[in-house]
Every structure is written in structure tokens, then in C-alpha cells.
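Below you'll find the structure, written out as C-alpha cells, and then a few comments.
Here is the naming used below: chain letters follow the sequence lines, and residue numbers restart at 1 for every chain.
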Amino acid sequence: MAAAAATAASKGNGGGGGRAGAGEASSSRKKKGPGPLATAYLVIYNVVMTAGWLVIAVGLVRAYLAKGSYHSLYYSIEKPLKFFQTGALLEILHCAIGIVPSSVVLTSFQVMSRVFLIWAVTHSVKESGHISLKKEKVKNRLQTPLKTWKLERQTTVCQMAELKVQSEDSVLLFVIAWTITEIIRYSFYTFSLLNHLPYLIKWARYTLFIVLYPMGVSGELLTIYAALPFVRQAGLYSISLPNKYNFSFDYYAFLILIMISYIPIFPQLYFHMIHQRRKILSHTEEHKKFE
Amino acid sequence: LHFKELLGKVEILDAKTREKLCFLDKVEPQATIAEIKNLFTKTHPQWYPARQSLRLDPKGKSLKDEDVLQKLPVGTTATLYFRDLGAQISWVTVFLTEYAGPLFIYLLFYFRVPFIYGHKYDFTSSRHTVVHLACICHSFHYIKRLLETLFVHRFSHGTMPLRNIFKNCTYYWGFAAWMAYYINHPLYTPPTYGAQQVKLALAIFVICQLGNFSIHMALRDLRPAGSKTRKIPYPTKNPFTWLFLLVSCPNYTYEVGSWIGFAIMTQCLPVALFSLVGFTQMTIWAKGKHRSYLKEFRDYPPLRMPIIPFLL
């Protein structure tokens, strides 16, 4: 959902609404783009983001070559992934101040779902695979005929932390999907802003999603699913009754609701993209005929 | 001049496709848009008047039902553009449904109907006074709203789009269930400052309920039955209406106050969240109302803010 949502044509990032070329139907009422200062800023923003995701792509490839396997590659790109994906929150601001003519609500939804997956699932459900030792004080009452003794024993509790999510292959699935999608998307916006969009980039943006979107969604869902046992066991981010504010929250149930929400949302976004593809790529074809 | 030649002609085109949908000749020049809508329904019965939007320009504003054909800037044949507003439902129906739900739902939780809490709690009663008080307040609030819908409010629009009823009911019913679940829970924790807190909160609640009702009555008296006139509301002899001096929509101000009171009384976070969401929505409405007052009336009192005195 987060993967394709970011590819969704309805979200622009500058350059006349991220819609460049004669092929785009102007459904926006105002044709004026951002001013020159805003355009310069957006070009820099999109170039930086393109570079960032390229760094992640290169990092993945290098880690794969070094390790010889595709397992647990997440750790090698964890920091740039967090940095650049979280940085995308700026895009909400861009819409809010109007330098990008996209809906604040839609953009927020898209970026937040990505940020949620990165921080509230992948980052949070972590215990690296080591045995953690916890010393617990255990109080015992010992009854003898004359006196009750209170004893304190120290026990060492071994926690085999096998419940983690970061080394799951599903994480790699969505990271790859996001990385390819974002490199194309940000370069699309960059070129659009500079009014010089190569057809290849436009084609890639409106075609590769066909595979990348389901791939990303699968990775995301599998990752959330893998996180569930840990969340249940650790009571992660959950509050139970009774408490002073008469409130409770079950993060486990919440994650399940999130997974269920993919069912109505994914097809809608996917078919919207298919529809956009037909509209935008065929329009360009027609224009090419007249050249 | 023959009498016939004084009659107007109206053609109605689809706003999107420009397709000619209807041609009416022999239309009285004094005919109102409402009458034209009725005539249009005769040829297209699936589009009853409430779901018709007729305008002079395909992208322009809808014409009002009271507008007279003769007074419009049209030639001998008036061209009107039609847009289907979708299935409509009356405001009264929507209000009654969306308010009856919370009233009923809250009571299900209050009486601890089976399958909500554990079986050992079925049909038990809370031992906290504040829980009983909360039920009374919540129920009173929604009964008041239902009665106001039936006997007090005068609606300027008859209908709203059908999908609104689903949206609105989900909001009201959902939040009612969420709040009621915690307040009536066997593990409910009463307010930290005890009876003092409850008394203060109850006072706020009652005052705001009276205030809200006073405003509704004042607004009703502003508009005679059946008319759609708009006037600036002013304070009356009732002290609760003196808030009009500072605020355009004191009914919303009092409404937020009521819910804040209820939140303090129950010390329940979901109630606070409900108040916050309601406040956000009412602020948007108040700002809109305030803006249209300013646009319509040159002499609108400058001291007034939309919803919070001096602030918002």
C-alpha cells in the first residue's frame, strides 16, 4: 500500500503538479506552478532524495555481494532508509504551503503509512538475536514453626529473543520495492521541474508499479504479520485497564486492523494507477504520432 | 401582444455532457427555480427536485429555489445546466438517526448487556455514582438533541447527500460506543479528585446544556416558520445568549463546553478525544458561518470571533 501509494500519479512533488509533458490532462484548476525560489528548493529536495535512495540501492547491492546471501540485508541500509523515508514527511509540508499542488490529506496518508512501517513495526519489533539476561528479584515467604522469613532470591531469566522482524525476508521485499519506486519517482519530479522529462522515466514510473506495488504490499503485510507474536508477548505500545484515564489500546488488534485495511485500499490505489497509466502513456503516444 | 408571447422558454442541458435533457416552453416569467425543477421532474422522474442542481453556468453556483426566472440574466430562452446531486436524504431523518443511535448504544453498555464485558458482569450495575450520573447526562444530551430536531430547529436546506448519513452515523455511533465502553467498564476508575471534580464538571455540563438550548431557541426566533431569511443574531434577555456579544456561534461554544464538562466528570480519555474532534469540526463550521455573516452584513459586530471569545 505504501509502495504504490507513493507511485500514485495523483501525488505530485513539483513541476506543475509532478505532471509534465503534453500527455498530462490538466485537471488542476490553477496552471501556475511554484515560484522560482520554490522550484529551486524542490529541485534540490528531489535531487537529494533521488541520491538518498540510490545510496540505499547501492548499499543493498554491496551488502549482498559482501555477504553472499540476501538475508538480513536490512541492517546494512537501516540508517539511510530511516533518514530518507522519514525525510519524506517534508512532502506533507510542501502540499500544506502550496508549492506542490497535491492533497495534503492524501500525501499525509501515503507518507505516514511508510513512516509507520519503518518505525512502529520494523524498528520497534527488535531484539537482535542474542540471549538477554535479566536478573529478577524474587521474594519468597518461608514458613517455619516460629517465624516467617522473607527471602530474596536472585534468579537469572534467560530470554531467547527469537521474536524479531528485521531479519525477515519480507523486509527486504518491501525495501527493494520502495527503493526502485522512489528512485524513479524522485527523478521523475526532478526532471519535471526542469521541464525536461525523458520518456523512459515517465514510462518507468507508470509501468514498473505493476510489479513493484504488489511486491511492496506483500513485503509490508508479511512484515506486520511477523511482528504480531512479539507485540502480543511484549505488550508493545499497549495500555490495559484499569488506569487513571480509563483508556486502553491493544497494538496487536490495531496491527490486525491495519492489515485488514489493505483489502479495500490496495485494489483502489492499484486500479487508479492502471487508469492513470492508460491515460498518460496513451496520450503521449498520440502526441508522438503528430511529431 | 399576445399573452403567449410573454411566456418564457427554458432549455435544460447536462452540465457535463451538454446534452439537451429537457425543453420547457410556455414557462411563466414569474416562475421560480423550484417550479422549473418540478417541471423537469415530470420528464425525468428519477431526478426529484431535491437532487437537482440548476445553474446558469456549467461550473457556476447553484441557483436558489426562490430565484425567479424573469430576474435571471437570460434571453428569451433560458439555458440552465443540470447537475445531479445524487440521492438525497432529509436533514431531519439524518439528525434523528444519528442522535438516536448514541442514546440507545450508551444504554446497552450502561446496563452491561451480554457479550460486551465478561459474563460475570452481565446486567450488573456499577458501584460508582459518577457512572450513573454520566449515563443521565449522556442520555439527557441526546434526548435534548432529538427534541430540538423535532421541535426547535428550522433548517435552511431540506436535504443532504445520502452518503452523509453513513458517515455521520459511523462518527456518532462509533464514538458513543467507544466512550460508553470505558465509562461503564467494570474496571472503570473514578475521577482523581473525587466528588469535587464531579460536581464542578457537572455544573459546567448543565450550564453549557442550558446555554446551548438558549442559543437554539434564539436562532429559531430569528427566523419565522417556513422562511429562509437570514438575520444577525443578537443577545436577548436570556443571559446565556449574551455570549453572542463575543462569538458568532455560541451554540458551538456551549457544545464544546458540555463535552469538556463530561470529559472532566468521567476522566475518560476517549471522551476528551471526542471533544477534540468535535471541537475541530465545529470550529471549521463556525469559521464558515462567521465568514458568511461578514460577507452578507456590512454592519456585523466587529468584536465577535467565530467560536472562542477573543481567540478563535
**OP:** For atom CZ of A:F247, decide whether the heavy atoms of other residues, nucleotides or ligands shown that lie under 6.0 angstrom number more than 12.
**Re:** yes
Original post:
Is it true that atom NE2 of A:H275 has more than 12 heavy atoms of other residues, nucleotides or ligands lying nearer than 6.0 Å?
Top reply: no
Original post:
Does CZ belonging to B:F104 count more than 12 external heavy atoms closer than 6.0 Å?
Top reply: no
Original post:
Does CE in A:M259 sit with more than 12 non-hydrogen atoms of other residues, nucleotides or ligands closer than 6.0 Å?
Top reply: yes
Original post:
Any chance OH of A:Y41 has more than 12 other-residue heavy atoms, nucleotides or ligands included, within less than 6.0 Å?
Top reply: yes
Subject >> B:F123 atom CZ, over 12 foreign heavy atoms within 6.0 Å >> reply: yes
Original post:
Heavy atoms under 4.5 Å from chain A: which residues of residues 254-279 of chain B carry them?
Top reply: B:T266, B:Q267, B:C268, B:L269, B:P270
Subject >> Residue-level interface, residues 177-191 of chain B with chain A, non-hydrogen cut-off under 4.5 Å >> reply: B:W178, B:Y182, B:H185, B:L187, B:Y188, B:T189
Original post:
Any chance CG of A:L37 has more than 12 other-residue heavy atoms, nucleotides or ligands included, within less than 6.0 Å?
Top reply: no
Subject >> Neighbour count above 12 (heavy atom, 6.0 Å) for B:K287 NZ >> reply: no
